[in-house]
Amino acid sequence: MSAMAQEAIELINILPESDQSLALQMIRKLVLAWDPDFTKLTAAEQKNLDEARADDEEIDHEDINWD
């Protein structure tokens, strides 16, 4: 988790519960305004995806713990 996300969580947690709900609603609106279809990647997600694609290692379906 990024330092900025951690800081946001800490700030929201010190608010009264009624204000926490409002803050969460605002964050949702900001995220939807930035990416209404949830298709954009953060810089960290893009880096991880690029590294995984470059790795070229395949994982067998049976080797995945689906539980």
Side-chain angles (χ1 to χ4, degrees):
M1 180 181 316
S2 74
M4 187 178 287
Q6 185 64 38
E7 183 179 356
I9 291 168
E10 290 171 6
L11 290 172
I12 289 171
N13 284 336
I14 64 172
L15 294 171
E17 279 193 41
S18 59
D19 291 337
Q20 287 180 11
S21 177
L22 178 61
L24 184 56
Q25 289 174 15
M26 291 294 297
I27 290 171
R28 282 189 184 124
K29 287 184 183 216
L30 289 170
V31 169
L32 288 173
W34 176 71
D35 185 10
D37 297 323
F38 292 97
T39 57
K40 294 181 184 176
L41 299 176
T42 65
E45 290 169 332
Q46 185 65 55
K47 179 180 176 247
N48 289 340
L49 180 60
D50 292 342
E51 288 173 357
R53 286 182 173 158
D55 187 9
D56 244 4
E57 181 181 333
E58 291 185 23
I59 298 173
D60 195 61
H61 185 81
E62 288 81 29
D63 292 337
I64 298 173
N65 180 357
W66 295 97
D67 295 324

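As the structure is a computational prediction, the values presented were derived from the model and not from experiment.
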Answer yes or no: are there more than 12 heavy-atom neighbours, outside Lys47 itself, under 6.0 Å from its atom NZ? no
What are the two closest non-hydrogen atoms of Asn13 and Gln20, and how far apart are they? O-NE2, 3.3 Å
How long is the gap from CG on Leu11 to CD on Gln6, to the nearest 0.5 Å? 10.0 Å
CD/Glu51: more than 12 non-hydrogen atoms of other groups inside 6.0 Å: yes
Distance from Leu15 atom CG to Leu24 atom CG, nearest 0.5 Å? 11.0 Å
Measuring from atom OG1 of Thr42 to atom CG of Asn48, what distance do you get when rounded to the nearest 0.5 angstrom? 8.0 Å
Between Glu45 and Lys40, what is the shortest heavy-atom contact and its length? OE1-O, 4.2 Å
Please report the interatomic distance CD1(Ile9) to CD(Glu7), rounded to the nearest 0.5 Å. 11.0 Å
Quick check on the hydrophobic clustering: are Leu32 and Ile27 connected, directly or via other members, by side-chain heavy-atom contacts under 4.5 Å? yes
Where is the tightest heavy-atom contact between Asp63 and Ile59, given as atom of each residue plus distance? CB-CG2, 4.2 Å
